[in-house]
2 protein chains.
Amino acid sequence: MFRNTVPRMLILDVFRESTVRHLTADDVYRMLVERQQPVGMATVYKVLSQFEQAGILQRNDLGQGRSVFELPMEGEEEHGHLVCSNGEVSEFTLPGLKEELSRLANAHGWRLTGYVITAYAAPAFNNNDNDTH
Amino acid sequence: MFRNTVPRMLILDVFRESTVRHLTADDVYRMLVERQQPVGMATVYKVLSQFEQAGILQRNDLGQGRSVFELPMEGEEEHGHLVCSNGEVSEFTLPGLKEELSRLANAHGWRLTGYVITAYAAPAFNNNDNDTH
DNA sequence: TTTTGTGCAAAGAGTTTGCAACTAG
DNA sequence: CTAGTTGCAAACTCTTTGCACAAAA
């Protein structure tokens, strides 16, 4: 299983060649259309999920049912996302956070399987407050 | 605006009388049906959103497009959620987290408008690993 | 009686699935 | 050959909206 197919290579290329790190399934789909190498949306979703399971891509749920995928960076720590209302997304890491959460899960007799931390922001001089996400 | 209506009171009662703190719109809807006091699903959603805006309820996005609502507790700090694969949800607070995130947002010239932190866990003696969420 | 609220049905957004045609190994 | 892959269309899940009717103030 996991054959070396054209759609899979194209999707990986998009991530490798994109200047933007975080891509939604739709971003990937449209970038492939632009490149005149369209891949069906269903395939994009299937491949992204497979890549996630294979550890080739990391999925991040940004809330409201939206996920972005990204190529893991070498030796990278788990990180959170800071999402600005202007569409920009940046990353951050909080040292010791994972250990702290693990401790909390253990206190319930559970084991931590993952976590997501997303901060929402707006441009500082923007009075429009209706986007507290 | 914001009239004192039956559906609104019923929905608030559900939260006040529920032993479970975090309720989805669907939870609320079904609890009202059980009580023989059904309220339309559209109304449930509308009222929950209004209550959120009014600060009567807090909304938490648990990822995958699902939100839970809860009654804010007196003098309560912002908190994260620890979601176990068995359906249980518990809360936790990480002192100083908000300040840290505010600092990060400021570094981008943004201001923090909110954040969500959700940790996922599984019962400790459960080998089934396919729910890393 | 004017304004706000309700709730059915329909629309959306993002994602997943069924399945017949296709293709890598 | 044949198990794995593709991609269209249809289904799904959670949530929002349009709108005619009902209820507050």
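- A:Leu48 has its CG atom 14 Å from the C1' atom of D:dT6, to the nearest Å.
- Comparing atom distances between the A:Ser67 side chain and each of C:dA24, D:dA23, C:dT15 picks out C:dT15 as nearest.
- Atom CE of B:Met9 and atom P of C:dT4 are 17 Å apart (whole Å).
- Annotation: the span from A:Leu10 atom CG to A:Met31 atom CE amounts to 13.0 Å, rounded to 0.5 Å.
- To the nearest 0.5 Å, the span separating CD1 on B:Ile56 from CD1 on B:Ile11 amounts to 11.0 Å.
- Of the candidates D:dA25, D:dG4, D:dT17, D:dT17 carries the atom nearest the B:Ala42 side chain, counting heavy atoms from C-beta on.
- As a whole-Å value, the separation of B:Met41 CE from D:dT17 P is 16 Å.
- Here D:dA23 presents its P atom at 14 Å from CG of B:Leu10, a figure rounded to the nearest Å.
- The residue among B:Val68 and B:Asn4 whose nearest nucleotide of DNA chain D is located toward the 5' end is B:Val68.
- B:His108 and B:Trp110 have parallel rings, their planes meeting at less than 30° on a 0 to 90° scale where 60° marks the start of perpendicular.
- With rounding to whole Å, A:Leu23 atom CG is found 17 Å from C:dT15 atom C1'.
- In the set D:dG7, D:dT16, C:dT6, the nucleotide with an atom closest to the side chain of B:Ser49 is D:dT16.
- The CZ-P distance, from A:Arg59 to C:dG14, rounds to 14 Å in whole Å.
- A close approach under 4.0 Å does not occur between any side-chain nitrogen or oxygen of B:Thr5 and OP1 or OP2 of D:dA24.
- In this structure, CG of A:Asp61 is placed 18 Å from P of C:dA13, rounded to the nearest angstrom.
- Near-neighbour residues of DNA chain C inside residues 24-40 of chain B, defined by a heavy atom below 4.0 Å, number-ordered: B:Val39, B:Gly40.
- Of the possible donor and acceptor atoms, one in the side chain of A:Thr24 sits under 3.5 Å from a partner among the backbone N and O of A:Asp27.
- A close approach under 4.0 Å does not occur between any side-chain nitrogen or oxygen of B:Tyr45 and OP1 or OP2 of D:dT16.
- At a threshold of 4.5 Å between side-chain heavy atoms, the hydrophobic network of Ile, Leu, Val, Met, Phe, Trp and Tyr places A:Leu32 and A:Met9 in two separate groups.
- Judged by distance alone, with hydrogens and angles left aside, B:Arg66 brings no side-chain donor or acceptor close enough to the base of D:dT13 to form a pair under 3.5 Å.
- With C:dT17, C:dG5, D:dG18 as the choices, the nucleotide that has an atom nearest any side-chain atom of B:Lys46 turns out to be D:dG18.
- Side chain of B:Arg8 to main chain of B:Arg3: a donor-acceptor pair is present (N/O by atom type, distance under 3.5 Å, no hydrogens or angles).
- Shown here are the salt bridge (charged side-chain N to carboxylate O under 4.0 Å, His left out) partners of A:Glu99, two or more places apart in sequence or in another chain: there are none.
- Picking from C:dG14, D:dG4, D:dT16 the nucleotide with the shortest atom distance to the side chain of A:Arg3 gives D:dG4.
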